[in-house]
There are 2 protein chains.
Amino acid sequence: MTTAKSDTISTRIGKTLAERIISGAIEAGSRLRQDHVAEEFGASHVPVREAFRLLESQGLVVSEPRRGVRVAGFTREEVREVAEMRASLEALALRNAFPHMTKTILDQAEEANRAGDRARDVYAWEEANRNFHRIILTPCGMPRLLKAIDDLQTASARFLFSGWRAEWEAPTDRDHRAILDALRTGQADLAASVLARHVQTVGRKGPK
Amino acid sequence: MTTAKSDTISTRIGKTLAERIISGAIEAGSRLRQDHVAEEFGASHVPVREAFRLLESQGLVVSEPRRGVRVAGFTREEVREVAEMRASLEALALRNAFPHMTKTILDQAEEANRAGDRARDVYAWEEANRNFHRIILTPCGMPRLLKAIDDLQTASARFLFSGWRAEWEAPTDRDHRAILDALRTGQADLAASVLARHVQTVGRKGPK
DNA sequence: TGTTTCAAAATTATAGATAATTTCAAGAAT
DNA sequence: ATTCTTGAAATTATCTATAATTTTGAAACA
């Protein structure tokens, strides 16, 4: 989506590579060679290495000391792990966001939800879905928590795009509505528990 | 503690700097200048920059584009945030560790707890405390989760060492025993909720 | 045919050098 | 006295070069 020129070369390289990994353009297990990447971006390998470190911190690549980095793979177990972490942290964020929730915010979330309904491919749907979650969680005002959730959502998107799920099915959107209803009627705990369960459904459908 | 020679120069630099930040040897807000650090370690700035990135991913420093990195500060709010994240994630880890819990593991935890009682300074106590948590959580077998918890524990240790709490008080150890008792009697949910509340007490006592 | 050895090629990690940006302090202007 | 320039020093970010390590592939051997 927004490639955004985040000043430094290494972050630009990092973001571009992240997109490719998430979308599946670079497949799991493949090696990323710094010279090749550097040449492609018309840069030297120093910023490339830093980009690799960024990707490593997001869990998108794994780095072995003198053997370079390769795109992280993911097993059924890892998918479940990410889903459980998301469930736990998003529920926490939502409970903390609740006191700061306004009608305006809920309306924005509703609109994001509708955008999801209109989505014609999985990429558009994922963007709308992520927006929905971001909108209702951001008011918690906990930057570290939001960053952690964002990284986990990125990982989830990888699984989604990897084709493990051919359909991105309607039930999820129904969950969204249930969450909004709970928030509108002041039931914070209910909203949080629906959200927690909802997030875990992403990890449900198994691969292979 | 264990400086560990993790092969590459950048990780060694990173670990050393991390220890200094955690222990308070380098105070919050101070700038880290790459040339100076490089000179001290007899290296060039390339590995130093990579070390900075590692520290950034752990939340120990903040980096502004062309202005370098400085040691992350922490407000009352951030302390609370980290505590809540820990509570949430450690409870998750414990619930998942529960099915794999053995008597041997519980005995090791008991021993770590006793080591905490014997500790004569806050550093020794923190190490024992961290061991206790690590021992009971590791069996969950969720590497990403454990890494996230580890980073949060590091942040917690910073707050602890920063002198916000003059005493590291007994109540925490009583919580440890309550957790062990619950685990021994098969009450997983009780253990998890005691752990969650326990972790949050670290963030309770205010600064200033 | 399959395995081992060994040297060339590729690749990573670090160092040294350069360009670009920011910081900081001294002096000018209001 | 305070705010605004301005330029030198410090610092960051990047590039080019070098050293060290790993990978690859072909030849020798069993």
Side-chain angles (χ1 to χ4, degrees), chain A residues 2-21 25-73 147, chain B residues 2-21 25-73 147:
Chain A
T2 55
T3 311
K5 30 144 165 289
S6 312
D7 220 4
T8 135
I9 290 183
S10 54
T11 57
R12 189 168 61 246
I13 295 176
K15 288 196 174 181
T16 305
L17 290 179
E19 262 179 45
R20 288 187 197 168
I21 294 172
I26 313 180
E27 67 182 312
S30 49
R31 285 181 65 175
L32 291 179
R33 274 159 296 205
Q34 54 184 219
D35 295 10
H36 298 190
V37 175
E39 191 181 19
E40 178 191 339
F41 286 89
S44 86
H45 31 250
V46 180
V48 173
R49 301 190 111 249
E50 294 191 45
F52 284 175
R53 279 297 164 86
L54 176 66
L55 296 173
E56 191 181 9
S57 77
Q58 293 176 310
L60 293 176
V61 306
V62 291
S63 165
E64 286 182 285
R66 291 212 159 241
R67 329 182 94 189
V69 306
R70 58 180 61 235
V71 177
K147 172 67 168 61
Chain B
T2 55
T3 311
K5 30 140 163 290
S6 312
D7 220 4
T8 135
I9 291 183
S10 54
T11 56
R12 190 168 62 246
I13 295 176
K15 288 195 177 184
T16 305
L17 290 180
E19 261 179 47
R20 288 186 197 169
I21 294 172
I26 313 180
E27 67 182 312
S30 49
R31 286 180 67 173
L32 292 179
R33 273 159 295 203
Q34 52 183 220
D35 293 7
H36 299 190
V37 175
E39 191 182 18
E40 177 191 340
F41 285 88
S44 86
H45 31 250
V46 180
V48 173
R49 300 191 113 250
E50 293 192 45
F52 284 174
R53 278 296 163 86
L54 175 67
L55 297 174
E56 192 181 6
S57 78
Q58 293 176 310
L60 293 177
V61 305
V62 293
S63 163
E64 285 182 285
R66 291 214 157 241
R67 329 181 95 190
V69 305
R70 58 180 61 235
V71 177
K147 172 68 167 62

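Labels below follow one simple rule: chain letters A, B, ... track the order of the sequence lines, proteins then strands, and each chain is numbered from 1. Predicted model only: the values in this text are computed from it and were never measured.
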Exercise. Mapping A:Arg67 and B:Ala43 onto DNA chain C by nearest heavy atom, which one lands closer to the 5' end?
Worked result: A:Arg67
Measure from [atom1] on [X] to [atom2] on [N] and round the result to the nearest Å.
| X | N | atom1 | atom2 | result |
| --- | --- | --- | --- | --- |
| A:Gln34 | D:dT23 | CD | P | 14 Å |
| B:Glu50 | C:dA15 | CD | P | 11 Å |
| B:Arg49 | D:dC15 | CZ | P | 11 Å |
| B:Ile13 | C:dT14 | CD1 | P | 8 Å |
| B:Asp35 | C:dT23 | CG | C1' | 15 Å |
| A:Arg33 | D:dT22 | CZ | P | 17 Å |

Exercise. Got a sec? Which of residues 52-64 of chain A come in under 4.0 Å of DNA chain D, heavy atoms?
Worked result: none
For this session: Look at the side chain of B:Arg31 and the backbone N and O of B:Arg70, then say whether any donor-acceptor pair between them is shorter than 3.5 Å.
Result: no
Shortest side-chain distance from [X], nucleotide among [options]:
| X | options | result |
| --- | --- | --- |
| A:Pro47 | C:dA15, D:dT12, D:dC15 | D:dC15 |
| A:Ile9 | C:dT11, C:dT14, D:dT14 | D:dT14 |
| B:Thr8 | C:dT23, D:dT14, C:dT14 | C:dT14 |
| A:His36 | D:dT12, C:dT11, C:dT12 | C:dT11 |

Exercise. Could you walk me through whether B:Leu17 and B:Phe52 pass the side-chain contact (heavy atoms from CB on, under 4.5 Å) check?
Worked result: CA-CA 9 Å; B:Leu17 290 180; B:Phe52 284 174; 3.9 Å; yes
Short heteroatom pairs, N/O only, protein and nucleotides 16-19 of chain D, under 3.5 Å:
residue	atom	partner	partner atom	Å
D:dA17	N6	A:His45	NE2	3.1

Problem set entry | Closest approach of B:Ala28 to B:Gly73 (non-hydrogen atoms, all atoms of both residues) |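 Between these two residues, the closest heavy atoms are CB-CA, 3.8 Å.
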For this session: State, to 0.1 Å, how close A:Leu55 and A:Gly14 come at their nearest heavy-atom pair, and which atoms those are.
Result: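 Looks like CD2-O, 3.5 Å.
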Seminar exercise, completed: Across all chains, not counting sequence neighbours, the side chain to side chain contact (heavy atoms under 4.5 Å, CB included) partners of B:Arg53 are A:Ser10, A:Thr11, A:Glu50, A:Arg53, B:Glu56
Exercise. When rounded to the nearest 0.5 angstrom, what distance separates OG in B:Ser63 from CG in B:Leu32?
Worked result: 10.5 Å
For this session: Using a 4.5 Å cut-off on heavy atoms from C-beta on, say whether the side chain of B:Val71 contacts that of B:Glu27.
Result: no
For this session: Flag the pair B:Gln34 / B:Val37 as yes when at least one side-chain heavy-atom distance between them is below 4.5 Å, and no otherwise.
Result: no
For this session: State whether the number of non-hydrogen atoms from other residues, nucleotides or ligands found under 6.0 Å of B:Glu40 atom CD is greater than 12.
Result: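 It does: B:Glu40 CD has more than 12 such atoms within range.
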